[in-house]
Amino acid sequence: MCKGLSYLPSSCLEKAKGMRVKLSHLAEIHHKQKVQDGKILQDLETLLNSKIGLQAFRGFLRSEFSEENLEFWLACEDYRVSPSNMQKTKASSIYNQFINPDAPLEVNLDAETREALLSMMDSPCADTFNNAQQRIYSLMAKDSFPRFLRSHHCADVIKAY
């Protein structure tokens with residue numbers, strides 16, 4: 001029969017206390033991570049800054065054949081932090097891939113924004129794509145993100161946590 005904890009050697013009691021502290025710490029870390037990961041769905045910006053959220057959103061957009069908006073937004077993020085000696089090359093690549101009317105991944109931008117970008121291609125700077133990127137972000141936030149929240153891709157992210 002059980003005689004209680006007082007009959008256990010003190011070394012066992014100390015080890016048990018240490019294990020309890022470690023398990024408590026691990027449970028707290030796991031809980032904090034779940035709470036943090038649960039917040040990835042609160043808005044588009046948080047989603048895009050989460051590796052898991054970004055993967056799920058990309059999968060959703062791919063399933064709808066509308067991945068070009070996300071790819072453009074990511075290319076602009078990369079461009080913004082590029083060294084100035086790489087900007088002209090990257091700007092040209094972004095323009096040819098996403099902005100040009102014959103672009104393979106053409107994004108939906110108004111004529112005024114396209115013309116403004118074309119005029120900046122000779123001497124691009126760090127904020128060349130800011131306006132266009134903001135327009136595409138707004139489009140994703142108003143259109144794609146709400147649909148994503150209702151999709152099985154989003155449900156899969158929620159189930160993972």
Quiz item: Does a sphere of radius 6.0 Å around CG in Asn108 hold more than 12 heavy atoms from other residues, nucleotides or ligands, not counting ones at 6.0 Å or beyond?
Solution: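 Incorrect, the count does not exceed 12.
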Determine the minimum heavy-atom distance between [X] and [Y], stating which atoms define it.
{"X": "Tyr79", "Y": "Ala126", "value": "CE2-O, 3.8 Å"}
{"X": "Thr128", "Y": "Met120", "value": "O-CE, 3.7 Å"}
{"X": "Met121", "Y": "Lys88", "value": "O-CE, 4.2 Å"}
{"X": "Gly53", "Y": "Ser50", "value": "N-OG, 3.1 Å"}
{"X": "Arg114", "Y": "Val107", "value": "NH2-O, 2.6 Å"}

How long is the straight-line distance from [atom2] of [Y] back to [atom1] of [X], given to the nearest 0.5 Å?
{"X": "Ser82", "Y": "Lys90", "atom1": "OG", "atom2": "NZ", "result": "3.0 Å"}
{"X": "Glu71", "Y": "Ile136", "atom1": "CD", "atom2": "CD1", "result": "12.5 Å"}
{"X": "Asn69", "Y": "Ser138", "atom1": "CG", "atom2": "OG", "result": "11.0 Å"}
{"X": "Ile99", "Y": "Leu109", "atom1": "CD1", "atom2": "CG", "result": "5.0 Å"}
{"X": "Phe72", "Y": "Glu77", "atom1": "CZ", "atom2": "CD", "result": "10.5 Å"}
{"X": "Ile94", "Y": "Asn100", "atom1": "CD1", "atom2": "CG", "result": "13.5 Å"}

Quiz item: With no hydrogens and no angle check, is any side-chain donor or acceptor of Asn96 less than 3.5 Å from a backbone partner on Ser92?
Solution: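 Yes, the answer is positive, given that a donor and an acceptor are paired below the 3.5 Å cut-off.
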Quiz item: With the 4.5 Å side-chain cut-off for hydrophobic clustering, are Leu118 and Leu105 part of the same group?
Solution: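 The answer is yes; both residues are in one hydrophobic cluster.
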What side-chain donor-acceptor pairs closer than 3.5 Å can you find for residues 140-150, not counting sequence neighbours?
from	atom 1	to	atom 2	distance (Å)
Asp143	OD1	Arg147	NH1	2.6
Asp143	OD2	Arg147	NH1	2.9
Arg147	NE	Glu64	OE1	3.2
Arg147	NE	Glu64	OE2	3.2
Arg147	NH1	Asp143	O	3.3
Arg147	NH2	Glu64	OE1	2.3
Arg150	NH1	Pro146	O	3.3

Exercise. Over 60° means perpendicular and under 30° means parallel, so classify the ring planes of Tyr137 and Trp73, tilted if in between.
Key: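 Rings of Trp73 and Tyr137: tilted, 30 to 60°.
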Quiz item: Are a donor atom and an acceptor atom from the side chains of Asn130 and Arg80 found within less than 3.5 Å of each other?
Solution: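 Asn130 vs Arg80: donor-acceptor pair found between side chains.
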Exercise. Please test Gln97 against Glu106 for side-chain contact (heavy atoms from CB on, under 4.5 Å), starting from the C-alpha separation and ending with a verdict.
Key: CA-CA 7 Å; Gln97 190 171 8; Glu106 183 182 1; over 6 Å; no
Practice problem: Please identify each residue that fulfils side-chain hydrogen bond (donor to acceptor under 3.5 Å, both in side chains) with Thr113, with sequence neighbours left out. | Solution: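 Thr113 satisfies side-chain hydrogen bond (donor to acceptor under 3.5 Å, both in side chains) with Asp110, Arg135 only.
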Practice problem: Decide yes or no for Arg58 and Leu74: does some side-chain heavy atom of the first lie under 4.5 Å from some side-chain heavy atom of the second? | Solution: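 They are in side-chain contact.
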